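Take a look at the structure below.
Since this is a predicted model, take the numbers as computed values, not measurements.
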Amino acid sequence: AQSVTQLDSHVSVSEGTPVLLRCNYSSSYSPSLFWYVQHPNKGLQLLLKYTSAATLVKGINGFEAEFKKSETSFHLTKPSAHMSDAAEYFCVVGALSGGYNKLIFGAGTRLAVHP
Amino acid sequence: NAGVMQNPRHLVRRRGQEARLRCSPMKGHSHVYWYRQLPEEGLKFMVYLQKENIIDESGMPKERFSAEFPKEGPSILRIQQVVRGDSAAYFCASSPSETGKNIQYFGAGTRLSVL
């Protein structure tokens, strides 16, 4: 069975400092992995996805994530945080079930960015 | 190309009433997924539909909840005799096909409050 664990429920950084949001997954086969962002009272926006191509995935707004099979991790990083990055971030694994992709969400990490 | 459209954005119901949530997928998408987000939690899969067919409803409560995606018109998630525990944000996503590498695009959600 597939599962995903986000190791931090809250992360707080200062503007201009690096961001690290941690995610570990469990999958019995090569997974599809995603990071989505949710701003308050908004829908979810895809930041980036990994689908067995390059292990370092670049997404929108300067975010990137590295797939590490040996560590079963897919951590999200950004070199320099911006105030507008404050939001909830979800690590998601795509679980193939009956030929389609059922998304399994982590519990989320709330990112706060301070001036 | 309009995104996934959900309405209403906010819905207030009293206990025992019915809630009907609508989702229009992106143009050209024939696959719809419904997710529920309880407060302070990640999204949980409820049901996956294609036109006129329910493919997987394993995440949907057996009673009071139903979903449809007719040949014409939006997908409908229906909750009968709502209870306070149904208060949540309900998100719809769509994709052009079911293959594992396809992205699911999310709507802005319907926030249901049960008084």
Side-chain angles (χ1 to χ4, degrees), chain A residues 1-10 21 23-25 27-54 57 59-60 67 87-110, chain B residues 2-10 21 23-26 29-50 53-60 88-113:
Chain A
Q2 286 72 39
S3 66
V4 61
T5 302
Q6 292 184 244
L7 298 166
D8 307 292
S9 59
H10 291 83
L21 305 183
C23 172
N24 285 104
Y25 70 91
S27 178
S28 53
Y29 52 82
S30 183
S32 296
L33 292 161
F34 309 82
W35 277 96
Y36 281 86
V37 60
Q38 183 182 29
H39 290 276
N41 296 316
K42 297 284 180 63
L44 285 84
Q45 180 183 21
L46 180 70
L47 279 178
L48 49 82
K49 67 172 182 175
Y50 166 77
T51 53
S52 73
V57 182
I60 62 171
F67 173 71
E88 186 94 22
Y89 291 80
F90 293 99
C91 183
V92 182
V93 62
L96 276 176
S97 172
Y100 80 95
N101 211 14
K102 180 187 294 186
L103 297 186
I104 297 173
F105 283 73
T109 298
R110 189 174 299 277
Chain B
V4 177
M5 304 300 292
Q6 289 188 249
N7 67 82
R9 291 292 307 276
H10 300 274
L21 288 64
C23 169
S24 296
M26 286 181 71
H29 289 192
S30 58
H31 300 255
V32 166
Y33 313 79
W34 285 93
Y35 295 82
R36 177 166 65 175
Q37 183 181 31
L38 293 170
E40 305 300 319
E41 294 186 14
L43 280 72
K44 297 285 195 298
F45 168 81
M46 297 182 74
V47 61
Y48 162 47
L49 309 103
Q50 296 177 22
N53 285 304
I54 297 175
I55 307 302
D56 181 352
E57 56 183 346
S58 59
M60 203 149 69
Y90 293 83
F91 288 93
C92 168
S94 74
S95 68
S97 71
E98 75 278 9
T99 60
K101 294 180 173 49
N102 265 308
I103 296 168
Q104 293 181 22
Y105 295 86
F106 283 81
T110 294
R111 282 156 181 81
L112 173 65
S113 296

- prompt: So which part of A/L46 gets closer than 4.5 Å to some heavy atom of chain B, the side chain, the backbone, both or neither?
  reply: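 Side chain of A/L46 only, per the 4.5 Å heavy-atom cut-off to chain B.
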
- prompt: Contact part of A/Q45 toward chain B, heavy-atom cut-off under 4.5 Å: side chain, backbone, both or neither?
  reply: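 The answer is neither part of A/Q45.
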
query: Any chance the rings of B/Y35 and B/F106 have centres within less than 6.0 Å?
result: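 Yes, close enough.
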
message: Counting the benzene-type ring for Trp, do A/Y50 and A/F67 have ring centres under 6.0 Å apart?
response: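 Yes, they do, as the ring centres are separated by less than 6.0 Å.
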
- request: Tell me, for B/Q6 versus chain A, whether the close heavy atoms (under 4.5 Å) come from the side chain, the backbone, both or neither.
  value: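 The answer is neither part of B/Q6.
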
field: From CA spacing to verdict: side-chain hydrogen bond (donor to acceptor under 3.5 Å, both in side chains), A/T109, A/Q6
entry: CA-CA 7 Å; A/T109 298; A/Q6 292 184 244; 3.2 Å; yes

field: Choice from B/R111, B/E41, B/R9 maximising heavy atom contacts with chain A below 4.5 Å
entry: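 Counting heavy-atom pairs under 4.5 Å, the top option is B/R111.
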
query: Should the pair B/Y48 and B/Y33 be assigned to parallel (<30°), tilted (30 to 60°) or perpendicular (>60°) ring geometry?
result: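 Rings of B/Y48 and B/Y33: parallel, as their planes differ by under 30°.
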
